[in-house]
Structures are given as structure tokens and as C-alpha cells.
Amino acid sequence: MADISIEQIRHSMAHIMAEAVTGMIPGTKVAIGPSIENGFYYDFDLPRPLLEEDLEEISSRMKDIIKGNFSFTKTVVSRKEAENLFSDEKYKLELLKAIPLNEDVSLYTQGNFTDLCRGPHVESTSQLNAGSFKLLSIAGAYWRGKETNPMLTRIYGTAWKNPKELRLYLKQREEMEKRDHRKLGKALDLYSTHEEAGPGLIYWHPKGARIRLAIEDYWRDVHYKNGYELLYTPHVGKAWLWETSGHLGFYNESMYSPMEVDENDYFIKPMNCPFHIMIYKTNIRSYRELPLRWAELGTVYRYEKSGALHGLLRVRGFTQDDAHIICTPSQVEDEILEVLRFSLDMWKSFGFSDVKAYLSTRPEKCVGSEEAWARATSSLQKAIEAEGLSYETDEGGGAFYGPKIDLKIRDAIGREWQMTTVQFDFNLPERFDMNFVDSDGKEKRPYMIHRALLGSIERFFGVLIEHYAGAFPVWLSPVQVRIIPVAEAFNEYGENLLKQIRQKGVRVEIDKSDNRMNAKIRNAQKEKIPYMLIVGEKEAETSTVSLRLRTGEQENGLAVGKFIDDTLQKINDKVLI
RNA sequence: GCCAAAGUAGCUCAGGGGUAGAGCAACGCUCUCGUAAAGCGUAGGCCGUGAGUUCGAAUCUCACCUUUGGCUCCA
């Protein structure tokens, strides 16, 4: 028996599900059903809506089919035969037409179900395990992924080699649910959204704001240290600005409707770049002042379809950690290298060290000379290679205005998130007629690079919550220290401590509730506060604290001064705890 | 925007054509406590919004809003 791949198992499961569904609901038309990461799906055109309860019956029918020991048989047929066979299946006919003429048309049959399919499959359902799959959800999906096509009903399932692997996967899903930033955001009182006040708009609560401030303070600090200047620009701009930039032409769908001021249309900004360019153009620029590196935590608003909104990860108003680098062509290579190095450095500080690059190159329709594209693309590639990053190239995947690098970071449970983007722009310098005077006295066009390292503060915050499961490193924790007097009598000593520690700039609180100490500890644990200071008679008498970490470790009889010094050191070193 | 499901107290959830339920949180009182929940009590809701069916709607129907899972799109 040949080795069975997990893809074969999943793909075969999809066929079995299709057999179950077509057997259960007459009149069902089948579309496509591939294996995917972790499982499979199949798209159906159903005569009636599918209910959650239906999944149970489909599931049990699938189990019966698997236990029936049916073999998967492949037959190669002529196009004519296939057309006759699928005369009732319009989606299959469409797929059939798409098969290149020099390729065989093959069918796979198991039990009562025959599908147009390239394969491969398992040899028999006996090679599958009825206990190693689970149907997960029902979803709508456009036929062939096109918005204008009819919507089909998709059933997602997960399938594995054996029940143990299935259990492991389901457990991992539970872990993901526990880390869900929307749950933790509420439980830890970090942020909220409000349907009455507008969906997709984020309200940062005091604790969320503490974290954001810690991120932003660090961000500003390292930007200055890396040779950037910081800008502040307006939130709205007149139509002229967006006409000139071209956004009203190619980005209109994502922009909010204009507001009228003194008979002029003003648009709320979906991007910061035109504003930075306005500043650039306040002066004649010499080659001597380039490169300019201008950064801004710029809040932008973009219209997102209602169904696309998702917690902090997909919102309608967000703050980009944006910057524009304006430089001469000869400076490009160094600049890109620096941006990449800077970015990796920043990711490391936040606890992400697994980073992968994606290079997108020149598409068919684009602006800018071929030479400029080549130069830009090669500088991107060189930078990736110099940093030793593994990367993939998306040929022709760049925007019309320039090539780009995107960085994806891997989180604590192995998921990839697209965050950093470094993009060339050959469009805006033209449109805004940006110039600099070169050493030969002639006016020349500068290169412009957009870059966002964290991407957006909101999305980054969401990823950060999930990465740390809410237990942030000390330097980011909204409350770094919670003082827990064992009884009311020691509140005063606790208050003294509070003042001393707060004085040093540490985020500290005292729990003066009439809870017992155990309950106070429990509450602090649930809030994932890194340091708990338990203080009672012993500590008050000796000017010490009993330190409890959220990991459960403890160190008793610690001198107050030493605790403060150690804590400051840990905050400074950005250690986890 | 599209397909499907959901919305009940601050939070997590039960109930379901005939006076609205629990736990936690909040508030009050008692206890003054040593490393993950002390005890008792009080208050809290137009059952997402609007219309309809009905003697009567949180419950049934429709529309809308929002959320969730997808599709499309993307920082």
C-alpha cells in the first residue's frame, strides 16, 4: 500500500461529505471540494438553507460511508462522456471547460458518488478513520471566489490521520479561543467598541491606553535614535489633495464621504502620505538634506465592508506607525537595509523573533520607469538577503506604484501575521511634482518609500494580546505591581510602598478591598499582573515585601529598595516577567 | 456588501405565548485574615431596535442594527 498523505485523506473526506449531502438533500448541486490547511471543505448549491443541526446528520452519514469500505476508483473519460455524466451539474460543466485540452479528464467514484476530480485519493474508505474528522462550520462562499457570482453554501471540516491528532487540533483551537483578543480585551478591561457610536471604531480603556502609551513611548524613542523626525498632520484635507494624490480615483471605495466646509469638499484621511508631501514641498530641498525620514503615528479612517470588521484586527479607524523616506536614488539601498534592520530590532523588543519576508515585484500595469523598478526591487532583495531572512517572491504582486516587502511575524502558537510593509512609491513624487536640487544644480525627482513597521497600533495590539495571552511583559503591563495588604491594618504600610514605587515611574496599585488575601491574589492573577507584593506584619516591621510572580514563584523578605531596583531593571531590559 | 447563526442584568450564561432566572461583579453588614474565591443580605433588566400576529409577545413573523463564522477585500 502506498503512503497515504494527509491531503489525500482530507480530499477524500470532502468527497465523502459531498456524497453524504447529495444523498441527504436531493437536488443539491456540487461545486468544488479541496483539501485545505487542517481539513477540507465542499461548496454546494442547495435547494434549502443548511442548518447547524444538519451537520450532525451529515456527519453520521459520512461515518456510515467510511465504514462501508468503499473503494475510490479512478476512470479517465472523454470530454463528451463527462459532459453527459454531469449534464445536471452546471458547476462541474464549467470546471470541465476549464481543463486544458491536453489533459485527461478523470473521475473518482466511491459508493454512490462520482466527482470530476484530478485526485489523488485514498484507495478505500477503509483507510480513513470515522473518528478522526469533525464538521466545523457552515459558511457562504462565492462561486470561484468572485463577488458577482452566486453564493454557494460551504461546509468546513477538519480531518486527521487518527482521532488523537484530531483531539490535538481541537485542543489547539480551544487555546486560540482562550487567547482571542476580543475575549481578553473585555476580561482585562483593555478596550471596547460601541454599536451605537459606530462599529469598527476602538475605545481604549485606561489599561489599554497604558499599554498603548508604553508602545508609543518606545516607538518614538527608537525612531529618534534611528534618525527619524516626527510629524503631526491634520485629519482632513480638501478634495484638491486627494485628487492630486489620485486617491479619489483609485482609492475612492475605501474613503469616507466628504464633508462640506465653506463650499469645499473635505475628506477624512485614509492615508498620511499626501500630508507629509505637503511638508516636503514647503521648501526647495537640497540633496544635502536627503534622506529625510519622517514618521507619524497617523490615525486614518477607511471604509471597510461591515462583514469584514473583526475586533482590533480589522477596523475602520486606526493609527499607522507610518513613515516616509525621501531620498536620492543612490541612497535607496542603504535606506532599505536600515528600515529592515530597524524593523527586526523592534520586533525583537516586542518578543517576536520569527520573521519572514515577502517580496512583491513589478505588475503589468504600473507607473515608473523600468530602471527605477529594477533598482528598487534589487535593493529590497539585497536587504532581505543581507538580513538573512527567508523569503518568498510574489512576481507581479506589487502595487502599480512600486515594489514592496511585507514582513510576517510568527506568534507564540505558530500563527503568521502580516504587519510590516515597506513600499516604494513612483507615483506620488510625480503627481505632487516633488523635487530636490542635486549636486549638479539640476532639479531631480526623489525616491519615496512608505513604511509601517508595526502596521497599525490597533492591529498590533490585537496580535500582542494573543501572542502573550494577555500576560504582557512587565514593561508593557498596564499594572506592573499590585500591593496586597494581608489585612486592613497593613493598608498604611501598603500606601507608603505605593508612593515610593510610583515615584520611580512604576505602574503600581494597591488592593484595599475587604477581600481576604487569597481573593486579592486570585484577582491579581486573573488580571495577569506580573508582580504581587504581599505585605503584613513581618514586612511592615522589617521594611520588606513578599514578592509573588504571576507564575506562582515567590521571594519573601525582599528589601523594598532592592525590589524597586530589580523591577526597574526588568522594565528597562524588556524581560517577560 | 453577500451566506449562515446569534443578541436576556456590568460579565458568563439558563429559560421560552400567561408577573424575568443563576453564578460572578456592584452595594451594605459581620469577619481582620499569610500566597488562586470568608459568610449573610440588598439592589440591578422595555429580554438589541421598530413594526406585525395574538385577549396576552422576551418567546411566533417581518424589517433594521450589531456581533460571530465564512466569502470578497485588506494595516
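These numbers come from a predicted model, not from an experiment.
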Could you tell me how far apart A:Y41 (OH) and B:C3 (C1') are, to the nearest whole angstrom?
15 Å

Taking the six-membered ring for Trp, are A:F461 and A:F472 parallel (under 30°), tilted (30 to 60°) or perpendicular (over 60°)?
parallel

Taking the P atom of each, how far is B:U54 from B:C73, in whole Å?
48 Å

Using the salt bridge (charged side-chain N to carboxylate O under 4.0 Å, His left out) criterion, which residues pair with A:R144? Sequence neighbours excluded.
none

Within the structure shown, what part of the strands sits under 4.0 Å from A:E196 by heavy-atom distance: base, sugar-phosphate, or nothing?
nothing

Partners meeting side-chain hydrogen bond (donor to acceptor under 3.5 Å, both in side chains) with A:W417 (sequence neighbours left out)
A:D411

Of all residues at least two apart in sequence or in a different chain, which pass the ring-ring contact (aromatic ring centres under 6.0 Å, His included) check with A:W219?
A:H223

Between B:C2 (C1') and A:D43 (CG): distance, integer Å:
14 Å

Looking at A:W204, does the NZ or CZ of A:R210 lie under 6.0 angstrom from its six-membered ring centre and within 45 degrees of the ring axis?
no

Rounded to the nearest Å, what distance is computed from the NZ atom of residue A:K408 to the C1' atom of nucleotide B:C74?
12 Å

Once pairs are restricted to Watson-Crick or G-U wobble with both distances under 3.5 Å, how does RNA chain B read as a dot-bracket string, [ ] for crossings and | for other-strand pairs?
(((((((..((((....[..)))).(((((.......))))).....(((((..]....))))))))))))....

For nucleotides 32-37 of chain B, read 5' to 3', which letter fits each nucleotide if B means a protein heavy atom sits under 4.0 Å from the base, S means only the sugar-phosphate is that close, and - means neither?
BBBBBB

Roughly how far apart, to the nearest Å, are B:A51 and B:A57 at atom C1'?
13 Å

Determine the Euclidean distance between corresponding P atoms of B:A58 and B:A9; express it in Å to zero decimal places.
15 Å

N-O pairing of A:R314 and A:E304 below 4.0 Å
yes

Check for me whether A:R154 meets the cation-pi criterion with A:Y41, that is, NZ or CZ under 6.0 Å from the six-membered ring centre and within 45 degrees of the ring axis.
yes

Roughly how far apart, to the nearest Å, are B:G48 and B:G7 at atom P?
8 Å

Side-chain contact, heavy-atom cut-off 4.5 Å: A:K404 with A:D406?
yes

For nucleotides 62-72 of chain B, just jot down a letter per nucleotide in 5' to 3' order: B, S or -, based on protein non-hydrogen atoms under 4.0 Å.
---SSSSBBBB

What interatomic distance, in whole Å, is found between P of B:C24 and the corresponding atom of B:C31?
22 Å

Base, sugar-phosphate, or nothing: which does A:Y303 touch, judged by heavy atoms less than 4.0 Å apart?
sugar-phosphate

Using the P atom as the reference point in each nucleotide, state the distance between B:A22 and B:G15 in Å, no decimals.
15 Å

Run the ring-centre check on A:Y401 versus A:F424 and record whether the distance is less than 6.0 Å.
no

When the C1' atoms of B:G44 and B:C11 are compared, how many Å lie between them, rounded to an integer?
13 Å

With sequence neighbours left out, the residues meeting side-chain hydrogen bond (donor to acceptor under 3.5 Å, both in side chains) with A:R302 are A:Y251

Whether each nucleotide of nucleotides 41-47 of chain B has a protein heavy atom under 4.0 Å at its base (B), only at its sugar-phosphate (S) or at neither (-) is summarised, 5' to 3', as -------

Would you mind classifying the nucleic acid contact of A:V315 as base, sugar-phosphate or nothing, using non-hydrogen atoms under 4.0 angstrom?
base

Taking the nucleotide of RNA chain B with the nearest heavy atom to each, does A:Q418 or A:L50 sit closer to the 5' end?
A:L50

Any heavy-atom pair between the side chains of A:P47 and A:I25 that's under 4.5 Å?
yes

Roughly, in whole Å, what's the span from CG in A:L51 to P in B:C3?
16 Å

Do A:T28 and A:D45 come within less than 4.5 Å of each other through their side chains, counting heavy atoms only?
no

Run the side-chain hydrogen bond (donor to acceptor under 3.5 Å, both in side chains) test against A:N38 and tell me which residues pass, sequence neighbours left out.
none

Which value, in whole Å, describes the distance between the C1' atoms of nucleotides B:A36 and B:C3?
44 Å

State which residues pass side-chain hydrogen bond (donor to acceptor under 3.5 Å, both in side chains) with A:T361; sequence neighbours excluded, sorted by chain then number.
A:E395

Atom pairs under 3.5 Å: protein N/O with N/O of nucleotides 9-13 of chain B:
none

Name of the residue among A:L312, A:T319, A:I211 meeting side-chain contact (heavy atoms from CB on, under 4.5 Å) with A:I457
A:T319

Do the side chains of A:M448 and A:C273 get nearer than 4.5 Å, heavy atoms only?
yes

Output the rounded distance in Å from CG (A:D54) to C1' (B:C3).
15 Å

Rounded distance in Å - CG (A:L407) to P (B:A75)
13 Å

A:F44: which residues meet the ring-ring contact (aromatic ring centres under 6.0 Å, His included) condition with it, sequence neighbours left out?
A:Y42

